[in-house]
Amino acid sequence: MISKVVRSISEALSDIGDGSKIMIGGFGLAGQPGELIDGLIEQGASHLTVINNNAGNGTTGLAALLRNGQVDKIVCSFPRQADSQVFDELYRAGKIELELVPQGNLAERIRAGGAGIGAFYTPTGFGTKLAEGKETRTINGREYVLEYPMVADFALISAFKADRLGNLLYRKTARNFGPIMASAATTTIVQVDDVVALGALDPESVVTPGIFVDRVVAVGSRFDREEWAGVR
Amino acid sequence: MISKVVRSISEALSDIGDGSKIMIGGFGLAGQPGELIDGLIEQGASHLTVINNNAGNGTTGLAALLRNGQVDKIVCSFPRQADSQVFDELYRAGKIELELVPQGNLAERIRAGGAGIGAFYTPTGFGTKLAEGKETRTINGREYVLEYPMVADFALISAFKADRLGNLLYRKTARNFGPIMASAATTTIVQVDDVVALGALDPESVVTPGIFVDRVVAVGSRFDREEWAGVR
Amino acid sequence: MFAERLTRNEVAARVAQDIPDGAYVNLGIGLPTLVSNFLPADREVILHTENGMLGMGPEARPDQLDPDLINAGKIPVTATLGASYFHHGDSFAMMRGGHLDVCVLGALQVSQFGDLANWSTGEPGAIPAVGGAMDLAIGAKNVYVMMDLSTKQGQSKLVDECSYPLTGMRCVSRIYTDVAVFGLSAAGATVTQLFGDATVDALRDLTGLALIDGTSA
Amino acid sequence: MFAERLTRNEVAARVAQDIPDGAYVNLGIGLPTLVSNFLPADREVILHTENGMLGMGPEARPDQLDPDLINAGKIPVTATLGASYFHHGDSFAMMRGGHLDVCVLGALQVSQFGDLANWSTGEPGAIPAVGGAMDLAIGAKNVYVMMDLSTKQGQSKLVDECSYPLTGMRCVSRIYTDVAVFGLSAAGATVTQLFGDATVDALRDLTGLALIDGTSA
């Protein structure tokens with residue numbers, strides 16, 4: 001019987017080695033897999049390349065991973081924010097490398113990585129600094145930049161519910177990068193609130209089919225947490 | 001107040017002109033928009049280019065549209081079937097043009113049309129007759145064919161339920177080409193069993209957001225039809 | 001230069017007038033989000049937020065806060081009836097594919113031909129961040145900019161050629177400012193409406209551009 | 001040529017032995033779908049059908065017929081617990097992206113280096129139809145072919161070079177036939193298992209290929 005459910009965060013993350021390329025889900029804090037990131041800090045893998053939309057907020061989660069010196073390079077669309085002080089300091093000190101990618105090209109490159117597309121022409125970024133040095137082409141009178149797919153060794157994502165096959169539901173805008181990152185990593189590790197019985201998820205509503213998921217770990221209901229007091 | 005609901009098939013199809021390029025949903029009979037196709041036969045637009053996975057089954061639906069002489073060209077992946085006699089005869093008589101596209105390239109080209117991608121490199125078909133004359137490229141040691149997006153003037157698709165904003169749910173494998181075709185046509189026309197109240201569709205489960213839909217017409221429950229007797 | 005200028009809320013209200021009933025609209029982050037406060041009650045406009053939602057409602061009140069429901073500016077929002085959620089790949093496909101009717105963005109500079117600069121001042125040492133700006137710039141059917149016409153130092157932000165790094169080329173079709181509304185095209189900038197004491201000649205002086213007078217059109 | 005050959009069901013059963021527990025598998029259309037009847041009860045295998053489903057169950061009994069639930073061969077099927085539905089864009093992305101562990105296909109010819117021909121005989125006047133064959137050929141981690149080794153006319157379908165139009169290049173890694181199992185690689189074909197009265201030498205005679213003998217491995 002297939003079961004992708006693992007018992008602990010540490011078991012889920014045990015084989016992440018130094019130098020791994022890791023996609024981490026989330027847009028700001030929504031959908032950020034906080035428990036998996038905390039586990040990665042404890043686990044200690046270093047010289048990581050991280051792909052995320054942002055470069056950490058405040059001092060917890062991704063920001064704490066950065067502050068712990070485990071990340072050599074970050075690939076993202078929006079590093080600088082009001083509360084990105086951890087990244088800002090590392091970047092100004094030359095301690096972290098940044099690859100800046102327009103958000104939609106980041107999403108489409110990850111999608112292409114999961115979908116077996118070799119490269120694609122996108123209109124986004126044409127004529128800007130972020131397309132400098134990239135191949136371009138005019139197609140039907142419109143100008144495009146050639147972008148290549150993005151894949152990773154691991155994806156760490158957060159979802160709402162899973163079954164033992166790894167089928168996933170998300171919640172509201174916390175869905176964001178989860179489904180595409182799950183498809184683009186060799187090993188996809190998911191934290192969920194609950195693992196539900198097989199058959200409890202409506203086949204019409206499954207967002208990420210289990211084929212894209214390798215490990216699932218339950219971390220308890222988000223509604224039990226302090227900052228969620230009052231949410232239905 | 002937005003309402004994409006139109007009262008009749010004939011109203012939904014009134015502006016389809018001769019020479020239109022039309023995507024028609026469905027894989028075989030599953031998801032084929034039978035009532036819209038019947039309406040198109042009645043409406044009479046001719047010299048059409050049709051994009052569908054197949055080239056008609058039996059003598060109804062798409063096959064009847066072909067038999068009625070309204071289609072100059074069909075773009076599909078799998079025309080020849082046990083019951084594709086209408087197409088077969090027209091094709092052998094030189095009365096219809098065929099563009100044969102591998103099924104996944106067909107799907108990805110439609111998806112690219114809706115997603116604003118200028119072109120993409122696909123491994124499918126490389127080294128085969130269906131890639132003859134097409135640009136190729138080796139990327140990371142793998143060989144790819146360059147394929148271009150596909151768009152249409154109209155998409156005719158079948159879904160299960162809609163609300164007045166055009167948000168759609170499908171049913172089982174009848175989903176097939178509906179969501180991508182809806183995104184790739186200038187005007188998307190959908191037949192549904194029922195139009196439900198706004199708020200009756202779970203925002204987490206909407207498959208085609210209403211932004212991709214222009215007109216919705218209710219044709220009654222599929223479960224009331226003869227061939228569906230006994231289905232839940 | 002001009003004594004009588006519209007407030008930001010007044011500019012937002014002016015933009016809102018031009019958003020048609022039934023439009024699918026993205027209001028970027030920051031200033032343009034004000035536009036949602038002025039949409040006429042008799043129009044139904046569907047708001048898109050690029051982090052994965054159609055049917056975004058007003059900002060969440062304290063008792064409505066849900067950490068899973070935020071907009072592109074990471075501000076907690078609400079959902080309207082008929083909303084839908086989708087992932088980033090689908091959300092940006094929707095934008096890039098030209099499905100949004102209108103996008104309203106802020107700007108550092110806009111060229112008279114519609115080039116947009118709104119993501120970076122290009123200062124050495126500044127940490128760059130682009131987010132979805134480049135996708136929004138090229139994606140919507142109509143890209144409108146909402147900005148003060150001048151910087152605090154009195155320099156025109158409508159320029160012949162952008163000196164700041166570009167977000168997108170030839171993408172802005174209209175600019176709503178505190179002193180005038182401009183239409184942009186390959187022919188250059190046309191003044192389509194004046195506010196307060198602004199005149200086309202005074203705008204020509206400020207911008208240094210041969211503005212076309214379209215105010216009587 | 002060979003007196004003792006496996007039946008199609010026996011070949012299907014042999015293929016089924018090599019499908020590991022937990023595998024995601026596509027069984028094409030026609031002959032290879034027999035494999036699903038022989039999957040060992042102690043293994044859980046998830047079947048994919050390219051028209052948009054994971055977790056495909058057995059063919060529908062008359063009382064289970066649902067016109068909305070069919071497989072790639074347009075045959076009514078059932079769904080297992082834990083199934084999911086998705087659209088064609090996502091389904092073929094799943095295939096092309098290399099997420100299926102095994103795909104089993106029929107063939108007209110396979111070259112000793114793994115080229116596959118299974119969609120067209122190339123006869124003039126024949127109506128071509130390819131469906132998802134080319135996507136399946138290049139998409140799965142392991143592409144297996146299940147076929148009789150010889151045509152009815154006694155010609156080997158394992159060949160030096162395909163004379164029929166190709167479906168995919170260098171994509172098949174294993175062939176299960178009625179007389180032997182072959183592994184294919186850039187080095188050519190290796191006989192890994194013999195059935196009935198087949199011998200490696202007899203297979204060399206039939207195919208005209210310098211087959212590697214891997215039966216003692």
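Each chain gets a letter, A, B and so on, in the order its sequence line appears, and its residues count up from 1.
Between A:R175 and B:E204 the shortest heavy-atom distance is NH2-O, 2.9 Å. Nearest approach of A:P123 to B:G116, heavy atoms of both residues: CD-O, 3.4 Å. Between B:A119 and A:I139, the shortest heavy-atom contact is CB-CD1, 3.9 Å.
Among the residues in residues 142-154 of chain B, those with a non-hydrogen atom closer than 4.5 angstrom to a non-hydrogen atom of chain A are B:Y144, B:L146, B:Y148.
Taking CD1 of B:I117 as the reference point, atom OG1 of A:T124 lies at 7.5 Å (rounded to 0.5 Å).
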